[in-house]
Amino acid sequence: MLIRISCVFVVCLASYLTNARQFPNDFMFGAGTAAYQIEGGWNEDGRGPCIWDIFVEQRNLSDAKVACDSYHKWQEDVENAKNLGLDTYRFSISWSRILPNGTLNIINQKGIDYYLNLIKALKVAGIEPIITLYHWDLPQYLHLQGGFLNPQLVDYFEDFARLCYQQFGQYVQYWLTINELFQVCYVGYAAGSSAPGLYLEGDGVYQCSYVLLLMHARAYRVYDEEFRNKYNGQVGIVINSEWREPASDSTEDLEAQEQALQFSIGWWANPIFLGNWPQIMIDRIANRSKLEGFTRSRLPEFTEEEINYINGTHDFFAFNTYGTQIVSYQEEDPISYPSYIFDRGVNTSDDILHYALGIRREINFINDRYKPKAILITENGVSQDDQSLEDTERIDFLNSFLNNILDAILLDNVNVISYNVWSLMDNYEWGNYDSNMGIIQVDFSSPNRTRTWKKSASWYQNLATTKTLDPIKSF
Ligand code: BGP
C-alpha cells in the first residue's frame, strides 16, 4: 500500500515538474507602488503640497496623510521586498517632496535623502529599482500656473528629471517618465474624477496630452544627452493599455476595435514609436471640430520639429494592464458638445471577466505595431472587496495572466523582460482604501500600519525565486 502511494506521489510529482512552466532565467519579477499611495508624511520634512492633497479636501475624500506610512516604514518595505525574492521594485518619486513648489529654487535635501536611503537599501538587498518620475502628484504650485495645460511645464519637468538623474542615476537602470498618460489627461482633465478634477473633455484633455508627450520627450532627451554615457540606464513611459476585443468578426466591429485602440494606445504610442498622433485621431477630431464651429482642430497640431523630437524617445515599451473592454461599431454621434468620447466614436462595454485571454494578443499587437526592443509589464493585479489573507482568487488571476504572458514569450518569441505585480501592499487607491490590491495586507486601523503577508505573497515569492509558474491551465 505504502509503495503504491509512493508511486502515485512520484508520478504526480513528475507530472507536476514536467507541466511546470519556466520563465527565462533573466526574467525580472517585481512589485509596484506609487509615492502618493504609500508614503504618507504629507507635510513632513519640507514636502510641499501636491494636487491630490488639495483635491481630496475639495471633494471630501479619504486622505493619504499617513497612507501606508512608508515615509517612516521604508526599511520594513525593503525587507519585505527582499524576503519576497523580488528582482525589481517599482516606486515613484514625489516631485513636491524634493522640490516643494516644483521648481529648482528650493531643493529639499531631506526629500532627496529619503529616496537615496531607499534606493541604496534596495541595491544592498539585490533589488533593481524601477523609478517612475511622475505618478500623478503634481506640485500644487505648478498646477496653479496651469498644470498640464501650460507648455512651460515641460521646462519644469526637465529640471525635476535632471535633478533625479543627477542624484539617483548612478544606482538606477530603469526610469519611467510618466505613469498612465490616459489617466492623467482623461480622468484628471476630462472626466474630472481625479485631481485636478477638471471637465475639459473636448479640448483640455488634448492639450494635456500634447504637454505630457513633450514632457516625456524632454526627460528622455536629457537622459540620453547628459547621463546615458555615464550610467547606461534605460528610459521609457508607462502607457495604460486599455485593451479592446471586438464584439464580433464583422468588418465594422474590427474597424471599431482598431479605432478604439488608436484612441487609447495609439494616442500615446504613435507619437513616441512612429511619429505624430494616429491619422484617424487627427482626421476625426479635425472633422468634428469643424462641424462644431471651431476654426481649428481641438487636437493640437505638432510641428515637424516636435514630431521628430518626440519620435524615438523610448528604450522599451512599458504598460499597465488590468482589464479589457468589448468594442463594437456605432453610428456617428450627432454633433453636440466637444468630447473625447464622441471623437472616439465607438461603443465600449464593461470589463470582461477573464481578461487574461486578451493579454497575449495585446502583447503581440504592441510587438508587431511598435517593434520595441523590450516590453515591461509595469502593473497588473486585481482588487478584492476585503483584506482577507486567503486571497486565492488573486493567485488564480495572476497565474492565469502570467501563463498567457509566458505563451507570448515562449510561443510567440516576444521579448517581455519584466512583470511587476500591483501592488507590493494594500494602499491608498486615489480617494479611498477599498481596493486592497496588495499581496501584503496593511492594517490601516493600526497606528503601526502593520504589514502581513497574504497567501498571494507566498505564492509570488515562490514564483519570483523559482521563476516557475504553477502548472494550472490558463483560461
Ligand atoms: C493604476 C494606477 C495605480 C493604481 C492601479 C489600481 O491605474 O497606476 O496607481 O491605482 O491603477 O487600479 P484600480 O483599483 O483602478 O483597478
Side-chain angles (χ1 to χ4, degrees), residues 30-40 50-52 55-56 61-64 67-68 70 77 88-95 130-138 174 176-195 212 216 236-243 264-265 267-268 317-325 350-356 358-359 362 376-387 391 393-394 397-398 401 418-442 444 456:
T33 60
Y36 198 72
Q37 295 180 272
I38 64 162
E39 283 179 7
C50 76
I51 51 174
W52 268 92
F55 183 72
V56 298
L61 301 169
S62 302
D63 65 58
C68 304
S70 287
D77 296 337
T88 60
Y89 175 53
R90 176 186 174 220
F91 63 94
S92 75
I93 293 183
S94 155
W95 188 339
I130 299 182
I131 299 188
T132 316
L133 289 173
Y134 184 72
H135 200 126
W136 305 357
D137 43 2
L138 188 71
Y174 295 97
L176 304 168
T177 53
I178 297 159
N179 180 64
E180 294 194 358
L181 309 99
F182 181 86
Q183 296 299 109
V184 175
C185 294
Y186 187 74
V187 188
Y189 280 79
S193 49
S194 276
L212 262 183
H216 157 76
I237 196 164
V238 180
I239 292 177
N240 51 315
S241 51
E242 307 275 329
W243 182 245
S264 57
I265 301 179
W267 188 2
W268 316 101
F317 193 114
F319 71 103
N320 297 347
T321 177
Y322 288 96
T324 196
Q325 289 180 322
D350 287 344
D351 290 3
I352 50 168
L353 188 58
H354 295 317
Y355 171 59
I359 184 72
E362 177 173 12
L376 277 69
I377 296 175
T378 33
E379 283 182 34
N380 171 234
V382 65
S383 58
Q384 184 179 305
D385 288 343
D386 59 24
Q387 287 200 298
D391 57 341
E393 277 178 27
R394 172 169 294 114
F397 176 95
L398 299 178
F401 245 90
S418 139
Y419 173 91
N420 291 270
V421 68
W422 185 272
S423 170
L424 177 66
M425 59 193 139
D426 291 339
N427 57 47
Y428 177 73
E429 185 52 43
W430 310 107
N432 61 69
Y433 288 89
D434 301 337
S435 278
N436 308 311
M437 295 183 86
I439 55 173
I440 294 177
Q441 179 201 68
V442 176
F444 293 108
S456 58

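Values in this document were obtained by computation on a predicted structure and should not be read as measured data. Both ligands and their constituent atoms are indexed starting at 1 by order of listing.
The local environment of CG in N432 is crowded, with over 12 non-hydrogen atoms from other residues, nucleotides or ligands closer than 6.0 Å.
Distance alone, capped at 3.5 Å, places no donor-acceptor pair between the T132 side chain and the Y134 backbone. Without hydrogens or angle criteria, N427 side chain to I38 main chain gives no donor-acceptor distance under 3.5 Å. The backbone N or O of G192 sits nowhere less than 3.5 Å from a side-chain atom of Y189 that would complete a donor-acceptor pair. With hydrogens and angles disregarded, a donor-acceptor distance shorter than 3.5 Å links the side chain of S92 to the backbone of A35. Side-chain atoms of D137 do not come within 3.5 Å of backbone N or O of C50 as any donor-acceptor pair.
Under 4.0 Å from any atom of ligand 1, one finds heavy atoms of residues Q37, H135, W136, N179, E180, N320, Y322, E379, W422, E429, W430, S435, M437.
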